[in-house]
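So the structure is just underneath, and the comments pick up after that.
Reminder, nothing fancy here: chain letters follow the sequence lines and each chain counts from 1.
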Number of protein chains: 2
Amino acid sequence: MTTTPWRIPKTKHGHKTFDHIIACGKKLFSSKGFQATSVNDIIAESGVAAGTFYIYFNDKLALYTYILNDYKKKIRDTIHQDTKHCLNRRDLEREGLKSFIRFAYQDNLAYNIIWESLFIDKSIFQDYYENFAQRYVEGLKKSHAQGEVRDVDFETLSWMLMGIANFVGLQVLFRVHVTEEELDRVADSVLDILEHGMFKRPIGS
Amino acid sequence: MTTTPWRIPKTKHGHKTFDHIIACGKKLFSSKGFQATSVNDIIAESGVAAGTFYIYFNDKLALYTYILNDYKKKIRDTIHQDTKHCLNRRDLEREGLKSFIRFAYQDNLAYNIIWESLFIDKSIFQDYYENFAQRYVEGLKKSHAQGEVRDVDFETLSWMLMGIANFVGLQVLFRVHVTEEELDRVADSVLDILEHGMFKRPIGS
DNA sequence: TCATAATATGAATAAACGTTCATGTTGATA
DNA sequence: TATCAACATGAACGTTTATTCATATTATGA
């Protein structure tokens with residue numbers, strides 16, 4: 001039996017408090033970052049007593065871990081929802097990229113909270129991306145078997161694609177407003193390069 | 001006249017103390033991260049009195065800013081040194097990638113300190129990457145003019161290439177040991193994909 | 001040699017922090 | 001309505017934190 005650093009409430013009323021603390025935590029982590037947010041801040045924001053926080057969470061890290069796990073699922077689900085209609089690898093990459101950036105834009109805590117884990121507990125960060133890469137590799141292998149993807153180092157390709165999504169995501173996130181048209185334009189640019197490479201071929205090849 | 005949050009010493013002896021504090025700061029930021037390191041930690045590590053720290057630095061952030069600026073130059077210089085012999089864009093990308101990863105591996109504080117800035121002061125992070133992207137765009141435009149690079153969205157391509165370097169770098173950094181051969185192999189994989197794309201072309205195209 | 005600017009000290013202060021726990025309240029069930 | 005587990009409280013405690021400042025030391029060149 002494994003125990004979590006948080007405690008799931010047993011009554012409806014408890015759930016309300018629990019959820020409220022989480023909502024306030026998200027809000028503060030999102031605006032100030034994890035490290036800059038104190039337990040006192042969370043207590044003040046949520047209006048509960050100090051002791052109440054510790055009924056549900058061992059400490060600040062426990063709340064962070066809970067929220068992070070939440071987002072892991074949410075990101076996967078969102079991308080899955082947005083790409084399940086895709087019939088080929090090109091569409092899958094395009095829609096996956098758009099889905100990731102859109103998600104990060106709509107709720108930038110999702111983005112921050114995973115990156116920040118690198119400075120809270122490196123193993124959380126490493127686990128997250130290695131797991132993501134592993135799934136990516138499996139998908140790419142399937143697409144390769146179906147003749148859609150070239151025979152390359154799939155692990156490196158996975159990390160390349162994650163890097164592209166994250167940094168192109170950043171580029172977009174630095175803008176004030178992001179429209180669906182911009183998202184399409186950026187995704188098209190990326191896919192064009194993933195399709196034809198970045199270099200001009202010598203004439204006649 | 002602009003003032004820095006740090007104070008350059010005026011004697012040889014002062015420089016010794018100044019440099020020693022910086023070295024200890026680097027060591028601690030590198031192992032524990034910026035946020036987890038307190039001024040007290042730096043004082044204890046360096047063996048100077050509390051007041052001495054404040055002779056040279058306004059606060060912890062000032063020391064961080066100093067180190068960050070140092071690394072900015074160092075990264076640029078290192079990549080420049082390692083790529084100045086390159087005669088074409090392919091070589092430039094390949095050697096630049098290897099240089100970046102090698103640098104990050106040898107001194108992973110350089111890597112951490114820039115990423116962590118996202119959670120210390122977003123504008124530092126944004127400035128750094130937007131500046132880097134801008135230089136990248138200029139370089140790509142030149143290579144395009146010389147017929148080496150296809151006509152694509154250079155800004156998006158810049159962010160893609162930065163994302164690739166950063167994440168493929170991470171992938172490599174997660175390993176315990178990194179050899180020059182591995183670096184070559186990974187760089188070749190990346191360049192192969194940047195050259196030919198990731199997708200298989202339909203037969204006859 | 002003396003004057004003085006630069007450098008160094010570390011006890012002291014106050015604010016912020018995480019966490020505990022004795023006490024109180026609630027609501028469902030028997 | 002009596003009981004009891006779940007939930008909630010917030011004053012209180014000990015710790016860590018950043019920062020100051022009166023005092024001391026050092027090195028140099030006038």
Side-chain angles (χ1 to χ4, degrees), chain A residues 1 3-29 31-68 116 119-121, chain B residues 3-29 31-68 116-117 119-121:
Chain A
M1 192 195 118
T3 54
T4 57
W6 59 81
R7 183 187 153 285
I8 300 293
K10 295 175 180 169
T11 68
K12 214 177 205 174
H13 191 239
H15 258 293
K16 217 179 148 185
T17 308
F18 183 74
D19 292 344
H20 184 235
I21 292 171
I22 290 164
C24 293
K26 282 185 182 178
K27 185 178 168 187
L28 290 171
F29 290 162
S31 59
K32 306 174 65 174
F34 170 79
Q35 307 267 16
T37 303
S38 69
V39 176
N40 285 342
D41 289 336
I42 298 162
I43 287 162
E45 177 74 26
S46 60
V48 300
T52 307
F53 178 87
Y54 290 97
I55 291 174
Y56 298 109
F57 302 98
N58 286 3
D59 48 29
K60 191 176 65 160
L61 185 63
L63 175 59
Y64 171 84
T65 309
Y66 182 91
I67 294 174
L68 179 66
E116 198 169 10
F119 307 100
I120 295 161
D121 185 345
Chain B
T3 55
T4 57
W6 58 81
R7 184 187 151 286
I8 300 293
K10 296 175 181 172
T11 70
K12 216 177 204 174
H13 192 238
H15 257 293
K16 217 179 148 187
T17 309
F18 183 75
D19 292 344
H20 185 234
I21 292 170
I22 290 164
C24 292
K26 281 184 182 177
K27 184 179 169 187
L28 290 171
F29 290 162
S31 58
K32 305 173 65 173
F34 169 79
Q35 306 269 13
T37 303
S38 69
V39 176
N40 286 343
D41 291 335
I42 297 161
I43 288 162
E45 176 74 25
S46 59
V48 300
T52 307
F53 178 86
Y54 290 97
I55 290 174
Y56 298 109
F57 301 98
N58 286 2
D59 48 28
K60 191 176 63 160
L61 184 63
L63 175 58
Y64 171 85
T65 309
Y66 182 91
I67 295 174
L68 179 67
E116 197 169 11
S117 70
F119 306 103
I120 295 162
D121 186 344

Can you check the F53(B) CZ to dA11(C) P distance for me, whole Å?
-> 19 Å
K60(B) NZ to dT16(D) P, straight-line distance once rounded to whole Å = 16 Å
DNA chain C nearest-nucleotide lookup for H15(B) and A50(B): closer to the 5′ end is H15(B)
Provide, to the nearest angstrom, the distance between the NZ atom belonging to K16(B) and the C1' atom belonging to dA27(D).
-> 14 Å
With the side chain defined as heavy atoms from C-beta on, P9(A) is closest, among dC7(D), dA8(C), dA6(C), to dC7(D)
Has S38(A) got a side-chain N or O lying under 4.0 Å from the OP1 or OP2 atom of dC17(C)?
-> yes
Any idea which heavy atoms bring G25(B) and I67(B) closest together, and the distance?
-> C-CD1, 4.1 Å
Separation of atom CD1 in I42(B) from atom P in dT16(D), rounded to whole Å = 17 Å
L61(B) CG to dT19(D) P: how many Å, rounded?
-> 10 Å
Hey, could you give me the OG1/NZ distance between T37(B) and K27(B), rounded to the nearest 0.5 Å?
-> 11.5 Å
OP1 or OP2 of dA8(C) sitting under 4.0 Å from any side-chain N/O of T17(B)?
-> yes
If only side-chain N and O atoms of T11(A) are considered, is one of them under 4.0 Å from the OP1 or OP2 phosphate oxygen of dA6(D)?
-> no
Value in whole Å for how far the C1' atom of dT23(D) lies from OH of Y54(B) | 20 Å
What is the nucleic acid contact for T52(A), judged by heavy atoms within less than 4.0 Å: base, sugar-phosphate only, or nothing?
-> base
Is any side-chain heavy atom of Y54(A) less than 4.5 Å from a side-chain heavy atom of V39(A)?
-> yes
I120(B) side chain near Q35(B) side chain, heavy-atom distance below 4.5 Å = yes
Under-4.0 Å side-chain N/O to phosphate OP1/OP2 contact, H13(B) with dT28(D) = no
Where the side chain of V39(B) is defined as all heavy atoms beyond and including C-beta, which of dT19(D), dT9(D), dA6(C) is the nearest nucleotide?
-> dT19(D)
I55(B) side-chain proximity, nearest of dA8(D), dA6(C), dT9(C) = dT9(C)
Atom-to-atom span, NZ of K10(B) to C1' of dG29(D) - whole angstrom | 17 Å
F29(A), Y56(A), F18(A) screened by ring pair (Phe, Tyr, Trp, His ring centres under 6.0 Å) with Y66(A), the one that passes = F18(A)
Measure the distance from CG on L28(B) to C1' on dT17(D) and round it to the nearest whole Å.
-> 16 Å
When all nucleic acid strands are considered with a 4.0 Å heavy-atom cut-off, which category describes Y56(A): base, sugar-phosphate, or nothing?
-> sugar-phosphate
